[in-house]
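Each chain gets a letter, A, B and so on, in the order the sequences are listed, and its residues count up from 1. Given the structure is predicted, the values throughout are model-derived calculations rather than measurements. Side-chain atoms are counted along with the backbone in the values below, which use heavy atoms only and exclude waters and symmetry mates.
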Protein chains: 2
Amino acid sequence: MDKEALFQKFVAFTTAVHEVTYELTKDIKPDDITPVQYSILEYIAVSQPVTLSQISDCKDISMPNTSREIKKLTEKNLCEKFNVAEDRRKQLIRLSKAGQTMMNGAFQRIGGRFAERIKDVSIEQLEDIERALDMLQSKVFYDGK
Amino acid sequence: MDKEALFQKFVAFTTAVHEVTYELTKDIKPDDITPVQYSILEYIAVSQPVTLSQISDCKDISMPNTSREIKKLTEKNLCEKFNVAEDRRKQLIRLSKAGQTMMNGAFQRIGGRFAERIKDVSIEQLEDIERALDMLQSKVFYDGK
DNA sequence: ATATTTTGTTATCAAATGATAAGTAAAGGG
DNA sequence: CCCTTTACTTATCATTTGATAACAAAATAT
């Protein structure tokens with residue numbers, strides 16, 4: 001087993017994943033929010049409710065800049081802050097009704113494109129795919145922190 | 001087979017791939033070039049020689065902006081242009097000696113991190129991984145253009 | 001031969017992002 | 001009770017990136 005060759009394959013694979021992700025999410029984001037803002041909304045959507053610090057850590061954006069972007073998103077009525085009783089320094093963030101609707105629509109369209117992409121794959125192959133995703137995620141693409 | 005569940009798994013997987021890519025390439029880029037410049041150099045490294053138009057297409061950067069960044073990279077002595085005899089409008093780009101050295105070093109360090117990541121995986125599992133990468137790339141992460 | 005298309009350049013400009021300093025308010029530790 | 005740390009905010013600035021217009025030169029089409 002040639003580890004060098006596997007690394008080559010790994011690089012080609014991750015490049016392909018990035019390209020497909022780009023294709024699937026292309027033109028999904030509304031024009032009135034920036035790419036960074038959209039990626040923050042994605043994160044909130046899957047992890048809500050989250051604190052400012054969590055967003056800052058996970059998206060690698062400094063606290064001041066996170067605060068600024070959340071403020072803009074709040075002003076656009078896409079998310080809302082609420083206080084947490086136990087620790088009054090913290091602010092939990094969740095999507096607003098409008099934000100939830102927007103992100104639901106986005107995920108729906110991405111899901112449609114994904115379905116289109118795998119439309120010719122047989123049931124058995126879909127199961128192979130599912131197993132392969134699980135296996136790779138546990139052996140290679142695990143969270144190493 | 002629940003396609004909705006598969007989509008969920010797909011989203012989690014691509015997120016994991018992006019995070020691992022981030023971890024592997026973190027702090028690899030020299031400080032004196034910008035992220036976009038580094039990504040252009042990566043592309044040149046694996047596809048050289050390339051034309052300006054190819055970079056513009058593949059990296060989704062407008063021609064004027066591609067021209068500007070290539071100019072900066074050339075000034076930093078990381079890549080060089082040369083003319084192609086058949087079509088004198090075209091300019092082929094390749095890494096300079098210094099650029100090649102820089103990118104070799106970068107890939108080496110990324111490869112080392114990758115090796116660390118899979119160090120506990122058995123030979124048989126490495127073969128499973130290789131097959132899974134091939135299969136997913138052909139069935140899911142293919143280039144749909 | 002002339003018009004059009006392709007390939008790339010230069011020059012601006014605006015917007016998005018990143019970085020830093022200074023501040024507030026609450027929590028926690030001694 | 002004071003001191004330190006945590007969580008977040010506000011303000012400001014520099015850099016990076018994206019977008020557009022106007023141009024030139026070579027190739028190709030009519």
Interatomic distance, B/K90 NZ vs C/dT9 P [rounded to whole Å]: 14 Å
Euclidean distance, A/S96 OG relative to A/L73 CG, rounded to 0.5 Å: 9.5 Å
Exceeds 12 heavy-atom contacts within 6.0 angstrom, atom NZ of A/K72: yes
With A/R68 via salt bridge (charged side-chain N to carboxylate O under 4.0 Å, His left out) - residues at least two apart: none
Value in whole Å for how far the C1' atom of C/dT9 lies from CD1 of B/I55: 15 Å
Side chain to side chain donor-acceptor pair (under 3.5 Å) involving B/Q37 - partner list, sequence neighbours excluded: B/E69
Over 12 foreign heavy atoms within 6.0 Å of CD, B/E75: yes
Distance, nearest 0.5 Å, that separates CD1 of A/I55 from OG of A/S67: 10.0 Å
From CD (A/E127) to OG (A/S122), nearest 0.5 Å: 9.0 Å
A/T15: partners by side chain to side chain donor-acceptor pair (under 3.5 Å), with sequence neighbours left out: none
Protein-nucleotide distance (B/K81, atom NZ; C/dG8, atom C1'), rounded to Å: 8 Å
ring-ring contact (aromatic ring centres under 6.0 Å, His included): pairs with one or both residues in residues 37-73 of chain A, sequence neighbours excluded: none
Close side-chain approach of A/T21 and B/V17, heavy atoms under 4.5 Å: no
With A/R94 via salt bridge (charged side-chain N to carboxylate O under 4.0 Å, His left out) - residues at least two apart: A/E80
Value in whole Å for how far the P atom of C/dA15 lies from OH of A/Y38: 23 Å
Helix axis bend for the helix from C/dA1-D/dT30 to C/dG30-D/dC1 - C1'-based end axes, five pairs, 10° rounding: 30°
Phosphate contact (C/dA16 OP1 or OP2) by A/K72 side-chain N/O below 4.0 Å: no
d(CD, A/E69; P, C/dA15) in whole Å: 15 Å
DNA chain C contacts among residues 25-35 of chain A, heavy-atom distance under 4.0 Å: A/T34, A/P35
Pair listing, ring-ring contact (aromatic ring centres under 6.0 Å, His included) test, anchored in residues 49-72 of chain B, at least two apart: none
Pairs involving residues 98-118 of chain B, ordered by first then second residue, that meet ring-ring contact (aromatic ring centres under 6.0 Å, His included) (sequence neighbours left out): A/F7-B/F114, A/F10-B/F114
ILVMFWY cluster membership beyond B/F82 - transitive side-chain contacts under 4.5 angstrom: B/V84, B/L92
Interatomic distance, A/I70 CD1 vs D/dT10 P [rounded to whole Å]: 13 Å
Of residues 42-54 of chain B, the positions that come close to DNA chain C - non-hydrogen atoms, cut-off under 4.0 Å: B/T51, B/L52, B/S53
Atom-to-atom span, NZ of B/K71 to C1' of C/dT10 - whole angstrom: 7 Å
Contact state string [nucleotides 18-30 of chain D, B base, S sugar-phosphate only, - no protein heavy atom under 4.0 Å]: BBBB----BS---
Whole angstrom value for the distance that separates C1' of C/dA26 from CD of A/Q91: 12 Å
